[in-house]
Amino acid sequence: MSSSSTPNQTPEIFVVEECRGVLRLFNDGSILRSTEPSFIMPVEDDGSIEFADAVFDTNLNLYLRLYRPRHRLPTDPPKLPIFFYFHGGGFCIGSRTWPNFHNYCLRLAADLRAIIVSPDYRLAPEDRLPAAINDSFASILWLRSQALSPHPNPLLQDGDFSLVFISGDSAGGNIAHHLAVRFGSDLNRAELEPVSIRGYVLLMPFFGGTQRTRSEETCPPDAFLNLEINDRFWRLAMPVGSTTDDPISNPFGPGGPALREVQFGPMLVVVGGEDLLRDRAVEYAERLKEWGKPVEVINCDGQQHGFFTFQPRSEPADRLMQSIRRFMVENGGHKLD
């Protein structure tokens, strides 16, 4: 009598999910995560910005990176604004240390003349959503603890805690939305004092939903963020048993907060003309504007997802930086010459 399997035979182990070469899931449930970044590129550091890492959650061993201009300019205000940057990566990959994000934070610090706070957060599938959102909230509370401390982190000593901006790229833009909702009431804003958030910058935010949009349906397979990668990120990041209509992914999904009632702070929503996520971000901004929320949309014609971190010195990235600077000035920031 023959058998289709051999006793004591080792089961075959193979990859069932893979993300950008740094995250692999196997059929036995094991996970292999590389310590190397997905995107290898040189760090463009001219020495004008000092930076250092700090722990913001000792229990989870989560770090953030602080950036500050090394030398003050005559046009700099006495206190520098503080600008959060939450990195992208579909909630599954990415780190403050990756060179594409690090380069962009160096440029943000230099061009905005601001202190940049770039937090890490737990990643899926080891830690599915809302873990990343909870961690990002903890990083804001860490800033409040620094504001109240007689001995704040040295890179924050000349920071203006009353002039804080929250930004995020892709998944980080989704995080920025959730923080805008979290602090969208007088009561919740009061718990941050003396920290005051003046505005939010959503850079090509990573939103989802079960109903396909036109920009998703027409996205070419060779795009940097294509539909296959997009769906894989959500599949790995969402809570088990939920769909992308969960309000974690879809701001207008059932069971979420009543966004019409949220006191949103000023918001700049940046979309890419060739980005798969374009239509979701435009719909998000337009619906909030219809409800009277202070939202502005910037369209980067012809640009794919995340272009500003891969080509931070390009002309489109320059124009985007000027728009961010203007937004900051319009919402309390110091005018730069």
Side-chain angles (χ1 to χ4, degrees), residues 19-20 83-96 101 104 117-125 127-140 165-184 197 199-211 213 215-216 224-225 227 229-239 242-257 259 262 264-265 267-272 275-288 293 295 297-298 305-306 308-309:
C19 294
R20 304 285 194 197
F83 190 92
F84 273 76
Y85 172 80
F86 292 99
H87 70 74
F91 295 113
C92 296
I93 60 175
S95 167
R96 75 194 188 285
F101 301 132
Y104 195 56
V117 185
S118 178
D120 275 344
Y121 45 83
R122 284 173 291 169
L123 299 173
D127 295 285
R128 291 176 176 263
L129 291 166
I133 296 167
N134 294 337
D135 296 341
S136 302
F137 173 57
S139 72
I140 305 294
F165 293 86
I166 306 296
S167 81
D169 158 22
S170 192
N174 178 299
I175 288 170
H177 155 74
H178 285 288
L179 292 175
V181 174
R182 178 68 178 81
F183 299 115
I197 300 174
Y200 298 84
V201 180
L202 279 60
L203 300 162
M204 302 184 175
F206 186 50
F207 294 141
T210 56
Q211 185 69 37
T213 66
S215 61
E216 289 172 346
F224 172 70
L225 178 64
L227 197 55
I229 297 171
N230 178 81
D231 288 352
R232 184 180 304 129
F233 281 149
W234 284 126
R235 189 163 59 244
L236 297 176
M238 293 298 291
S242 65
T243 74
T244 48
D245 278 334
D246 187 299
I248 293 176
S249 166
N250 182 350
F252 308 109
L259 299 187
V262 174
F264 281 95
M267 183 178 291
L268 181 67
V269 178
V270 177
V271 302
D275 184 15
L276 172 146
L277 299 174
R278 180 188 182 280
D279 289 352
R280 293 198 184 278
V282 170
E283 179 196 10
Y284 169 81
E286 292 302 325
R287 287 182 68 170
L288 293 189
K293 311 304 180 185
V295 180
V297 179
I298 294 289
H305 193 74
F308 42 87
T309 66

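Atom set for the values below is all heavy atoms of this structure, side chains included, hydrogens, waters and symmetry mates excluded.
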Please confirm whether the ring centroid of F137 lies under 6.0 Å from the ring centroid of F183.
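Ring centres of F183 and F137 closer than 6.0 Å.
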Under 6.0 Å between the ring centres of Y104 and F308?
yes
List the atom of [X], the atom of [Y], and the distance in Å for their closest heavy-atom pair.
{"X": "G88", "Y": "S170", "answer": "CA-CB, 4.1 Å"}
{"X": "A237", "Y": "A124", "answer": "CA-CB, 3.5 Å"}
{"X": "F84", "Y": "S139", "answer": "CE2-OG, 3.7 Å"}
{"X": "V270", "Y": "P205", "answer": "O-CD, 3.9 Å"}
{"X": "G168", "Y": "A176", "answer": "N-CB, 4.3 Å"}
{"X": "P251", "Y": "L259", "answer": "O-CD1, 3.5 Å"}

Side-chain donor-acceptor contact under 3.5 Å, H87 with S95:
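Judged by distance alone, the side chains do not pair up.
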Do Y200 and H177 get their side chains close enough for a donor-acceptor pair, meaning under 3.5 Å?
no
Applying the side-chain contact (heavy atoms from CB on, under 4.5 Å) criterion to F86, which one of I175, D135, I133, D120 satisfies it?
I175
Can you name the one residue among V201, L288, V295, I298 that meets side-chain contact (heavy atoms from CB on, under 4.5 Å) with V269?
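Testing V269 for a side-chain contact (heavy atoms from CB on, under 4.5 Å) against V201, L288, V295, I298 leaves exactly one candidate, V295.
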Could I get the full list of salt bridge (Lys or Arg N to Asp or Glu O under 4.0 Å) partners for R232, not counting sequence neighbours?
E17, E228
Calculate, to the nearest 0.5 Å, the distance between atoms [atom1] and [atom2] belonging to [X] and [Y] respectively.
{"X": "H305", "Y": "N230", "atom1": "NE2", "atom2": "CG", "result": "8.5 Å"}
{"X": "R122", "Y": "R128", "atom1": "CZ", "atom2": "CZ", "result": "14.0 Å"}
{"X": "T213", "Y": "L277", "atom1": "OG1", "atom2": "CG", "result": "8.0 Å"}
{"X": "F101", "Y": "S118", "atom1": "CZ", "atom2": "OG", "result": "8.5 Å"}
{"X": "F91", "Y": "S249", "atom1": "CZ", "atom2": "OG", "result": "8.5 Å"}
{"X": "I166", "Y": "H178", "atom1": "CD1", "atom2": "NE2", "result": "14.5 Å"}

Do the numbers put R287 on top of the ring of F252, so that NZ or CZ is under 6.0 Å from the six-membered ring centre and no more than 45° off the axis?
yes
Y284 ring centre to R278 NZ or CZ under 6.0 Å, with the angle to the axis within 45°?
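No, cation not above the ring by the 6.0 Å, 45° rule.
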Verdict with reasoning, R182 to I140, per side-chain contact (heavy atoms from CB on, under 4.5 Å)
CA-CA 11 Å; R182 178 68 178 81; I140 305 294; over 6 Å; no
Please determine whether side-chain contact (heavy atoms from CB on, under 4.5 Å) holds for the pair F207 and L202, giving the CA-CA distance in whole Å, both sets of side-chain angles, and the decisive distance to 0.1 Å.
CA-CA 11 Å; F207 294 141; L202 279 60; 4.3 Å; yes
Short side-chain to backbone donor-acceptor contact, [X] and [Y], under 3.5 Å:
{"X": "T244", "Y": "G209", "value": "yes"}
{"X": "S136", "Y": "A132", "value": "yes"}
{"X": "D245", "Y": "G253", "value": "no"}

Could you give me the CA-CA distance, side-chain angles and deciding distance for C19 and F233, then say whether side-chain contact (heavy atoms from CB on, under 4.5 Å) is met?
CA-CA 8 Å; C19 294; F233 281 149; 4.0 Å; yes
Side chain to side chain donor-acceptor pair (under 3.5 Å) partners of Y85, counting only residues at least two apart
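So Y85 forms a side chain to side chain donor-acceptor pair (under 3.5 Å) with D169.
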Apply side-chain contact (heavy atoms from CB on, under 4.5 Å) to residues M238 and T243 and explain how you reach the verdict.
CA-CA 7 Å; M238 293 298 291; T243 74; over 6 Å; no
Side-chain heavy-atom pair C92, L236 within 4.5 angstrom cut-off
yes
Residue pair D275 / S215, side-chain heavy-atom distance below 4.5 Å:
no
